[in-house]
Asker: 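Pasting a structure here, questions to come.
Numbers restart at 1 for each chain; the letters A, B, ... are given by sequence-line order, proteins then strands.
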Protein chains: 2
Amino acid sequence: MMEISLSACGIYNCLDCRYVANATCPGCAEGNKHLRDAGDKVCAVFACVESRGIASCQECGEDSCVLRRSVESICPVRSRFENTRWWAGRMARALEPRKCAGKEADSKPRMSDRVVNRLRWYLTALDSLAEQGETSVSSWRLAQRVGVNAALIRKDLSRFGEFGTPSFGYRIDYLSQRIAAILGLDEPRGVVWIGAACMRLHLQSVGRLAKHDCGVVAVFDASPEEVGSPVGDFEVLPLEKLADVLAGSRVSAAVLALTGPAAAKAADMLVEQQIKAVLNLSGEMLALPDSVKVCSFDVVGELLELCHYCR
Amino acid sequence: MMEISLSACGIYNCLDCRYVANATCPGCAEGNKHLRDAGDKVCAVFACVESRGIASCQECGEDSCVLRRSVESICPVRSRFENTRWWAGRMARALEPRKCAGKEADSKPRMSDRVVNRLRWYLTALDSLAEQGETSVSSWRLAQRVGVNAALIRKDLSRFGEFGTPSFGYRIDYLSQRIAAILGLDEPRGVVWIGAACMRLHLQSVGRLAKHDCGVVAVFDASPEEVGSPVGDFEVLPLEKLADVLAGSRVSAAVLALTGPAAAKAADMLVEQQIKAVLNLSGEMLALPDSVKVCSFDVVGELLELCHYCR
DNA sequence: TAGATTGTTAATCGATTAACAATC
DNA sequence: TAGATTGTTAATCGATTAACAATC
């Protein structure tokens, strides 16, 4: 991997602040341009880490991707202005409380699966921005992170209210909370996990669930060997206990990670218990009533699909 | 669950043969209708098992779904005619070799991700039909299985050639083989699996990969505790061996199932080795060059998304 | 103020479906 | 033959994008 010293080279089109620092490309000596869209081909654009807006130089063919590591976390414009009054004022104003708080929730427009999916990604990106200490974001910058068009983000959000401030973008904490509410993450929920081995594999990750008031409530398994064994703080329960656990609880979703015929059997039990949504990791094609939202993921099938992209 | 004796009740609109047996609904005594679309609401339609075309009775509200188990595998028309000359002739003619063998492969039309995904589902459905001993299928019946519109299936397939025979549908073995070829499953490939624990969980399923000449070639892990331990017939290798294994092999796809920063590091190594496609199960957002096809699946994120469908 | 960014409308693009002549 | 089902065209539908007035 090519190592580039920061002082020697580079037009830094920072995806954080969108300003371009003056410099010259070592490959073709071309000067800088003001860049609006990630698709624009400019000379030696070094994208900030984690952004998907990576481009390669049109003239010398240098791919900014291989340079990524060496400019990690560097945003020259930001670091230059961060302590100025200009920057402080810019940030302060972006944090002023919003006037318009959003459309009436009872109108509840039906949104497509695609919108739901994108909202989830917006939330993830906002979370990671917040972790980095950011307080505001523009639709353009958020679009870079998620890999979609900025207009689409504004359109998606405008279905539910006016969450932004012209000229300053969106407050991250406020927007994050609103999207969570839209997705139904504002009230506590629980999920049951059927398939102890799979749960064991994801033990670390489920902490993120709990953060959103949506923790695992119980772990089940069909196999007698698993029942009674520990998984994290849980004891694996037999499927017969499913009805007892679900009765009167806030559980409305389930992870189904058994294999073979046991999967269909467990699915039927879940339907009987009026479960609302199932994440089907069993690899089986489930035929459940329309009242249940099913999301299926099958590693093997997905791998076969990927083969098409290997030429 | 309500138990229904087959002799006592039912309008059987078989999704296998599309014929409707005469009978009367025990709930509302309404007669039968000839049903073309799964969306049609008719009285007590008992869908064949595995089909998604499940409807509930418009009059008495009886949901055929709860009856599903009791009519499992029953297709009255088929069983009545299976041994007749009519049926034999019907099946024999459907098996006649095709005249038109498909468009030139070199035209290679760019297909959208959606088409690729549907083709994969067609293949899965065809595989399961073949397992049941079926030899031919109509676009309508296949559509029932996969849960899409029949016209869409015909349109998808017609991009690549004429695989069917008017009035008799498609030969399952021929169509199956052609779709595999379109997806690039006709020549042997291999995948590397990074993340021993995840591989261990999917040990049974990967047999299906091998069936399509696309087996796991090696298993890697970043953690020193895993390296050297056995996973099925494999010994877990350290990531440092990645380049050696990939050099000169037919591997073009990888499963990436490490967590945290190790995932991004391994991803960079894969990119360096010119991998073509990555199935990213790490839960991290990867920023890889466009030359690599990435498919990401994050259990926790997906669960949060499902919360929206729980009201 | 001047410049930046929102929310929203109109234009574009692509994907799905209905319909039907051609075929078996 | 009559009836069924394909391959394909035209119509429909929905999703994305570009553009811009309103706003800060």
Side-chain angles (χ1 to χ4, degrees), chain A residues 17-19 34 36-39 86 89-100 102-103 109-118 136-143 146-171 174-175, chain B residues 17-19 34 36-39 86-87 89-100 102-103 109-118 136-144 146-171 174-175:
Chain A
C17 61
R18 297 187 35 201
Y19 284 87
H34 194 84
R36 284 292 299 234
D37 291 306
W86 174 77
R90 192 173 193 275
M91 289 302 125
R93 281 200 281 173
L95 287 171
E96 281 161 15
R98 298 273 320 117
K99 274 169 200 159
C100 181
K103 285 166 189 170
R110 269 177 238 96
M111 51 178 147
S112 71
D113 289 1
R114 314 200 117 199
V115 176
V116 175
N117 179 262
R118 282 199 299 270
S136 72
V137 70
S138 71
S139 63
W140 188 88
R141 199 174 131 211
L142 188 58
V146 179
V148 299
N149 186 297
L152 188 54
I153 292 188
R154 295 201 297 277
K155 190 158 215 303
D156 282 344
L157 296 177
S158 72
R159 291 172 61 99
F160 305 100
E162 305 194 344
F163 305 141
T165 308
S167 152
F168 291 106
Y170 302 88
R171 282 187 59 161
Y174 178 70
L175 184 59
Chain B
C17 60
R18 296 187 37 200
Y19 285 87
H34 194 85
R36 285 289 303 229
D37 290 307
W86 173 78
W87 186 273
R90 192 174 194 273
M91 288 301 125
R93 281 201 282 172
L95 286 172
E96 280 161 15
R98 297 273 321 118
K99 275 170 201 157
C100 180
K103 287 166 186 168
R110 270 176 238 95
M111 50 178 147
S112 70
D113 289 0
R114 313 201 118 203
V115 176
V116 176
N117 179 261
R118 282 198 299 268
S136 72
V137 69
S138 71
S139 63
W140 189 87
R141 199 173 131 212
L142 188 58
Q144 293 298 319
V146 178
V148 299
N149 186 298
L152 188 55
I153 292 187
R154 294 201 298 278
K155 189 156 216 306
D156 282 343
L157 295 179
S158 72
R159 291 172 63 100
F160 304 99
E162 305 195 346
F163 306 140
T165 309
S167 153
F168 290 106
Y170 302 88
R171 283 187 59 160
Y174 177 70
L175 183 59

Asker: Quick check for you: among D:dT8, D:dT6, D:dT23, whose closest atom lies nearest to any side-chain atom of A:P166?
Answerer: D:dT23

Asker: Quickly work out the B:F163 CZ to D:dT5 C1' distance and round it to whole Å.
Answerer: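 In whole Å, D:dT5 C1' lies 17 Å from B:F163 CZ.
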
Asker: Measure the distance from CH2 on A:W140 to C1' on D:dA18 and round it to the nearest whole Å.
Answerer: 17 Å

Asker: Taking all non-hydrogen atoms of both residues into account, name the closest pair between A:L157 and A:F163 and its distance.
Answerer: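 Heavy atoms of A:L157 and A:F163 come nearest at O-CE1, 3.8 Å.
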
Asker: Please convert DNA chain C into dot-bracket. A pair counts if it is Watson-Crick or G-U wobble with both distances under 3.5 Å; crossing pairs go in [ ] and bases paired with another strand get |.
Answerer: ..||||||||||||||||||||||

Asker: Look at the side-chain N and O atoms of A:Y170 and state whether any lies under 4.0 Å from the OP1 or OP2 oxygen of C:dG7.
Answerer: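 Answer is yes, contact under 4.0 Å.
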
Asker: For A:R118, which residues count as a salt bridge (Lys or Arg N to Asp or Glu O under 4.0 Å) partner, sequence neighbours excluded?
Answerer: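 Scan of A:R118 (salt bridge (Lys or Arg N to Asp or Glu O under 4.0 Å), adjacent residues dropped) gives A:D156.
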
Asker: Between atom CZ in A:F160 and atom P in C:dT6, what is the gap in whole Å?
Answerer: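 Rounding to the nearest Å, CZ of A:F160 and P of C:dT6 are 18 Å apart.
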
Asker: Round to a whole Å and report the spacing from CD1 of A:I153 to P of C:dT8.
Answerer: 16 Å

Asker: Work out which heavy atom in B:R114 is nearest to a heavy atom in A:R114; give both atom names and the distance.
Answerer: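 Looks like NH2-NH2, 2.8 Å.
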
Asker: Without decimals, in angstroms, what is the distance between A:L142 CG and C:dT5 P?
Answerer: 14 Å

Asker: Between atom CZ in A:R154 and atom P in D:dC20, what is the gap in whole Å?
Answerer: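 Atom-to-atom, A:R154 to D:dC20, this comes out as 13 Å.
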
Asker: About how many Å separate CG of A:N149 and OG of A:S139, when rounded to the nearest 0.5 Å?
Answerer: 9.0 Å

Asker: In whole angstrom, what separates A:R171's CZ from C:dT6's P?
Answerer: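 Taking CZ of A:R171 and P of C:dT6, I get 15 Å after rounding.
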
Asker: If I take atom CD1 from residue B:I153 and atom CD from residue B:Q144, how far apart are they, to the nearest 0.5 angstrom?
Answerer: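 Atom-to-atom, B:I153:CD1 and B:Q144:CD are 9.5 Å apart.
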
Asker: Counting just side-chain N and O atoms, does A:S139 come under 4.0 Å of either OP1 or OP2 of C:dT5?
Answerer: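 No, no such contact exists.
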
Asker: Could you run down the sub-3.5 Å N/O contacts of the protein with nucleotides 15-17 of chain D?
Answerer:
{"from": "D:dT16", "atom 1": "OP1", "to": "A:R114", "atom 2": "NH1", "distance (Å)": "3.1"}
{"from": "D:dT16", "atom 1": "OP1", "to": "A:R118", "atom 2": "NH1", "distance (Å)": "3.0"}
{"from": "D:dT16", "atom 1": "OP2", "to": "A:R118", "atom 2": "NH1", "distance (Å)": "3.0"}
{"from": "D:dT16", "atom 1": "OP2", "to": "A:R118", "atom 2": "NH2", "distance (Å)": "3.0"}

Asker: Measure CD/A:E162 against P/C:dT5 and give the value in whole Å, please.
Answerer: 18 Å

Asker: So, OP1 or OP2 of D:dG3: does either fall under 4.0 Å of a side-chain N or O from B:S167?
Answerer: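 For B:S167, the contact criterion (side-chain N or O under 4.0 Å from OP1 or OP2 of D:dG3) is not met.
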
Asker: Quick one: closest heavy-atom pair of B:S138 and B:Y170, and the distance?
Answerer: C-CD1, 4.5 Å

